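First up is the structure itself, then whatever we jot down about it.
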Amino acid sequence: MRKNLPFELSKEKTFFDSLGDWIGDVFYDELPEKGYDLRDEQIFMSFQIERALKEKGTLFAEAGVGTGKTLAYLLPSIAYARYSGKPALISCADETLIEQLVKKGGDIDRLNTAFDLDLDVRLAKSRDQYLCLQRLEGASKREPADFLDDIEFSLPEFVSSTSSMQSMYPYGERSDFPELTDAQWQQVNYHPIQNCAACELRNKCGQTLHRNHYRKAVDLIVCSHDFLMEHIWTKETRIREGQTPLLPEFSLIVLDEGHLLEFSAQRALTYEVQEETLLAVTEKIMVDGVREKTLSLIEQTIDLHNEFFRDLKAGVVDTGEDRKAIKKTPQLLELGNILLRHVDALMEEFVFEGELYTIPEYDLHIAEAFFEQYGFSMKLFIEADDAISWLEWKDDIETLVIMPRLITDILDERLFDGKAPIVFSSATLSVEKDFSYLADSLGIGDFQSFSVTSPFDYEDVMNVFEHRLPQEEKFERVLELLGSGEQSLVLFKSKQEMEAFKRSVPADKMHMLEFEGDRELSAVIKEFQAGEFQALCSYHLWEGLDLPREALTQVIIVDLPFPPHDPVFEAKRNFAEDPFAQVDAPFMQLRMQQGIGRLIRTSDDHGTVHLLLNEQEQQWKPLWEPVLPVKPQTFVGNSL
């Protein structure tokens, strides 16, 4: 149902002229009357977005912390959505940022209350953020556990009811189960192997009910970058197969924390082959009545698959990163070719088995979808030149991951095609007002940009200390700094570094710490903001975390956040003329700005940033010092 514009249109003015007048009235008159500060940077940003909407262009809108970026893009976005009759899409870096944006008392809620807009805002989360009833049932059969019983007990009555008269409603989000660890959730959430189209539980599935709900949004749909990219990559295929695209048509896209879009695009384009999944899929189709030829092919394929993974793991180059490089030996590639031929033959046999109806239809559909992707992935791995491959642990399973080397052509064709305005919003889109690193990474040649500074006087509210110490003394220094009692965010450059620190923490100090991954993150953040524990340790929360006032008064950066030496970044380095200057340094500088930006979020905030620097990191001072908001002081003894 289309809603009224928040202002009147007239024959004398275009929509955009009227939009500009309304933005001016709101910021200069109405918001100050309601107690909001008048911020020139915020007003400038909103007018630049209005211009981008008019020209249907791509805009890099860099605005410092405290500018009020969210309000600056929400006002023109809501009006444009109602004018066009299609919702605006607000894409956030991850699910935690989505929760912060739409929470009660957040920017959207406050705007809605202040202007009585009757906003229709709906969430569209990534598929892995929803419970899968099929996987829950399978996990319970394999190995019963208390947490599985708790999930089943919490399910709505209509899930197990045979009545068609009960009303159904969305359920089953990750945030509904805050006490589950990530490892537990990954046993029961949606997995790409599931064939939703053939699932007999589809109409009662929480994911399906959520999809039906947000597709009817009028004003705003809020999703993650990962889900937006999955929609972009799968849209054409889903339409071709008679399925509805993951997202409805939208009028514009706002990419909040847009500097992270590249990583979401890479994740969406990856293909995965897991060692154990093939066996799990084939077990369900090796039933009585299956033809001997099919059974023989399945067994041969399983043996070849296991041999392929043995050779794959034997040739891994372990650099200490999550993503482990692979040596593509002639023997491994030949084995892959043989395996690919067996998969092709097996797909032909599935056609005959489908006509005999000996294999349950749902299980056969899953097997067909699995081996179709398996074959495509293996072909991409073998052909090598236009793909990057690595081995990593995913869902506690060793996984071969294959990713096309260049994503820029696909982005240009399917996202930056000029059909809808696109706004990148963040405090860190550039390195000293140079947007080329981000633009080049995404293949964007034609764009508008601006950069406005934060209205905060950092000299009065922030101290930055540099600690010069050997690498092996950093963990001990973190514990010493936590002795101050300050509410602290401890940032690590990788999961491995965080886990190493966790192992070093004495048992009597563990009660004051929480670590990313141990529980559902948005629940942990709420407890941290409430002061239920002192320190949050993370390797992902360099951006997007918004904890004002006394909720966060100390940020500890354990290492300079240079990118990992994994196959993805090695590929970027190989394509650069000066890898350190074009890849490593700008990544670290942007990451540093993001991490430090967690500390001062409002005019009432104050606190301290601690940089722990080994000898090599001290030598890079000309790179990291220019991105600091204040001049660093050298930490000596009890500088706190």
Side-chain angles (χ1 to χ4, degrees), residues 26-28 30-46 62-74 96-97 99-114 256-257 425-428 452-465 481-482 484-491 522 524-536 538 541-557 592-610 628-633 639-640:
V26 167
F27 281 114
Y28 285 113
E30 297 182 45
L31 283 175
E33 289 176 3
K34 297 178 185 296
Y36 286 78
D37 294 332
L38 182 66
R39 299 171 180 170
D40 291 336
E41 299 89 352
Q42 185 182 48
I43 299 168
F44 178 79
M45 176 177 176
S46 200
E62 182 177 65
V65 175
T67 302
K69 295 182 289 296
T70 309
L71 191 58
Y73 70 63
L74 281 176
T96 303
L97 294 177
E99 295 286 348
Q100 292 189 172
L101 185 63
V102 301
K103 68 182 179 182
K104 187 172 180 57
D107 287 321
I108 292 177
D109 183 50
R110 288 189 290 117
L111 179 64
N112 195 28
T113 302
D256 201 334
E257 302 291 351
S425 172
S426 176
T428 51
V452 293
T453 59
S454 170
F456 299 146
D457 188 346
Y458 286 107
E459 296 286 350
D460 291 340
V461 296
M462 176 191 288
N463 287 309
V464 177
F465 288 102
L481 293 171
L482 294 180
S484 66
E486 300 283 342
Q487 285 292 107
S488 304
L489 174 65
V490 186
L491 292 172
S522 64
V524 172
I525 291 171
K526 288 176 184 176
E527 292 177 13
F528 182 54
Q529 186 166 7
E532 295 183 23
F533 59 90
Q534 184 196 340
L536 175 57
S538 174
L541 294 175
W542 291 81
E543 63 277 312
L545 189 66
D546 192 356
L547 298 172
R549 302 178 180 86
E550 300 305 312
L552 178 64
T553 54
Q554 181 170 251
V555 173
I556 302 171
I557 296 178
M592 283 283 286
Q593 292 178 82
Q594 294 152 12
I596 293 168
R598 298 313 94 217
L599 186 62
I600 307 299
R601 309 301 299 171
T602 74
S603 57
D604 297 325
D605 292 356
H606 64 93
T608 306
V609 175
H610 295 278
L628 301 181
V630 299
K631 187 174 179 60
Q633 308 170 53
S639 293
L640 292 177

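Source: prediction; values computed, not measured.
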Minimal non-hydrogen separation, Gln529 against Pro548, with atom names: NE2-CD, 3.9 Å

Ignoring hydrogens and geometry, is there a side-chain-to-backbone donor-acceptor pair from Ser46 to Ile43 under 3.5 Å? no

Within the supplied structure, the quantity of interest is the number of heavy atoms (other residues, nucleotides, ligands) at a distance under 6.0 Å from Tyr28 OH; does it exceed 12? no

Between Val65 and Tyr458, does a side-chain contact (heavy atoms from CB on, under 4.5 Å) hold up when you go through it step by step? CA-CA 11 Å; Val65 175; Tyr458 286 107; 3.8 Å; yes

Would Leu541 and Arg598 count as a side-chain contact (heavy atoms from CB on, under 4.5 Å) if you check the C-alpha gap in whole Å, the side-chain angles of each, and the deciding distance to 0.1 Å? CA-CA 9 Å; Leu541 294 175; Arg598 298 313 94 217; 5.9 Å; no

Could you check Leu38, Leu71, Leu111, Asp37 and say which one makes a side-chain contact (heavy atoms from CB on, under 4.5 Å) with Leu31? Leu71

Verdict with supporting geometry, Met462 and Leu599, side-chain contact (heavy atoms from CB on, under 4.5 Å): CA-CA 8 Å; Met462 176 191 288; Leu599 186 62; 4.1 Å; yes

In terms of heavy-atom contacts, Leu536 and Phe528 come closest through N-CE1, 4.0 Å

Mind checking the CE-OH spacing from Met45 to Tyr73? Nearest 0.5 Å is all I need. 8.0 Å

Can you tell me if Gln487 uses its side chain to pair, donor with acceptor, with the backbone of Glu550 under 3.5 Å? no

Please find the pair of heavy atoms, one from Gln534 and one from Leu482, that lie closest to each other, and give the distance. NE2-O, 2.7 Å

Can you find a heavy atom in the side chain of Leu481 that is under 4.5 Å from one in the side chain of Glu486? no

Assess whether side-chain contact (heavy atoms from CB on, under 4.5 Å) is satisfied between Gln42 and Tyr36, documenting all intermediate values. CA-CA 12 Å; Gln42 185 182 48; Tyr36 286 78; over 6 Å; no

Is there side-chain contact between Leu547 and Leu489, with heavy atoms separated by less than 4.5 Å? no

My understanding is that only residues two or more places apart in sequence, or in another chain, count here; which of them pass salt bridge (charged side-chain N to carboxylate O under 4.0 Å, His left out) with Asp604? Arg549

Using 0.5 Å steps for rounding, measure from the CD atom of Glu459 to the NZ atom of Lys631. 10.5 Å

Here the pair of heavy atoms bringing Glu257 nearest to Ser426 is OE1-OG, 3.3 Å

Just so I know, are the side chains of Ile557 and Ile596 near enough to count as touching, which here means a heavy-atom distance under 4.5 Å? yes

Roughly how far apart are His610 NE2 and Phe465 CZ, rounded to 0.5 Å? 6.5 Å

Exercise: identify the closest heavy-atom pair between Gly64 and Lys69: O-NZ, 3.8 Å

Of Glu41, Glu62, Arg39, which is the lone residue that meets side-chain contact (heavy atoms from CB on, under 4.5 Å) with Thr67? Glu41

